[in-house]
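Sequence lines set the chain letters: A, B, ... in the order given, protein chains first and strands last, and positions in each chain run from 1.
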Amino acid sequence: GGGSGGQPEALSLEEILRLYNQPINEEQAWAVCYQCCASLRARRGETPTARLGAAAAQLRVWRDGAVTLEQDGPDRPPPPAADKSGRLHCTEMEVIESLGIIIYKALDYGLKENEERELSPPLEQLIDYMTNATETDGSRDEGYDALDEGVEDDNDDKEEVEAIHSYKDVMKLCAAHLPTRSEAPNHYQAVCRALFAETMELYTFLAKIK
Amino acid sequence: KGKSLYNIRPKHDSGIKAKISMK
């Protein structure tokens with residue numbers, strides 16, 4: 001039981017799932033995915049130094065609707081510094097795969113092992129693309145720096161994405177889910193902001209009852 | 001505790017859940 005004043009600025013996806021004791025809905029999945037890729041894009045220079053796990057505790061939803069993906073917490077021993085190829089950090093596609101798994105598990109939360117949730121085909125396809133990302137093409141692992149810096153230019157956002165190679169591709173697919181793609185930043189931020197606010201409201205309510 | 005907002009089906013061996021659980 002915390003004090004009355006200091007509300008947290010962020011909640012982990014794990015905390016959100018536990019509090020509601022139910023999976024996230026599809027709109028929240030699209031939103032978390034978009035927002036997380038937006039923050040990962042903004043921080044591309046700071047690639048995680050070790051392979052990410054795929055735990056909901058690593059994904060944080062912030063009060064302002066931002067979503068971040070952190071490395072494992074301090075309670076987990078750090079994995080070996082380099083993977084089998086000797087790389088010292090995750091590739092963009094490995095991070096995307098982890099994110100896809102985290103989001104799928106959040107949609108699957110509470111279901112029995114022999115049960116499967118029926119997802120809408122576009123969302124299932126998004127997660128399928130994300131979680132197969134490392135198998136489809138590893139050729140662009142490290143070469144992103146000079147390749148797509150012009151992404152704020154929206155001209156190419158109308159093309160269809162048939163495979164995922166980057167955070168930007170994930171964001172394009174999420175934007176294509178909306179009636180108006182240009183609404184994506186505001187819409188998805190609002191969905192995540194609401195997810196945080198509603199969870200905090202529930203948290204406060206439950207704390208009062210206790 | 002309203003009704004579920006999604007449909008559940010038996011897990012399929014070639015479905016996305018099976019694929020992801022193998023990761």
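Counting only heavy atoms from C-beta outward, the side chains of A:R117 and B:N7 never approach each other to under 4.5 Å. At least one side-chain heavy atom of B:I20 sits less than 4.5 Å from a side-chain heavy atom of A:I127. In this structure, the side chains of B:K11 and A:L111 stay at 4.5 Å or more apart for every pair of heavy atoms. You'll find the side chain of A:T131 stays beyond 4.5 Å of the side chain of B:K19, heavy atoms only. With a 4.5 Å cut-off on side-chain heavy atoms, B:I8 and A:K112 do not count as touching.
Remark: A:E115 does not engage B:R9 in a salt bridge, criterion side-chain N to carboxylate O under 4.0 Å.
Of the atoms belonging to A:E113, heavy atoms from both backbone and side chain fall under 4.5 Å from chain B.
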Before giving the answer on side chain to side chain contact (heavy atoms under 4.5 Å, CB included), spell out for B:K17 and A:Y104 the whole-Å C-alpha distance, their side-chain angles and the decisive distance to 0.1 Å. CA-CA 8 Å; B:K17 182 163 178 170; A:Y104 184 79; 3.2 Å; yes

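If you take CD on A:E118 and CD1 on B:I16, they are separated by 13.0 Å, rounding to the nearest 0.5 Å.
More than 12 heavy-atom neighbours from other residues, nucleotides or ligands sit within 6.0 angstrom of CG on A:N114.
Ranked by heavy-atom pairs shorter than 4.5 Å toward chain B, the options A:G100, A:P23, A:S120 are led by A:P23.
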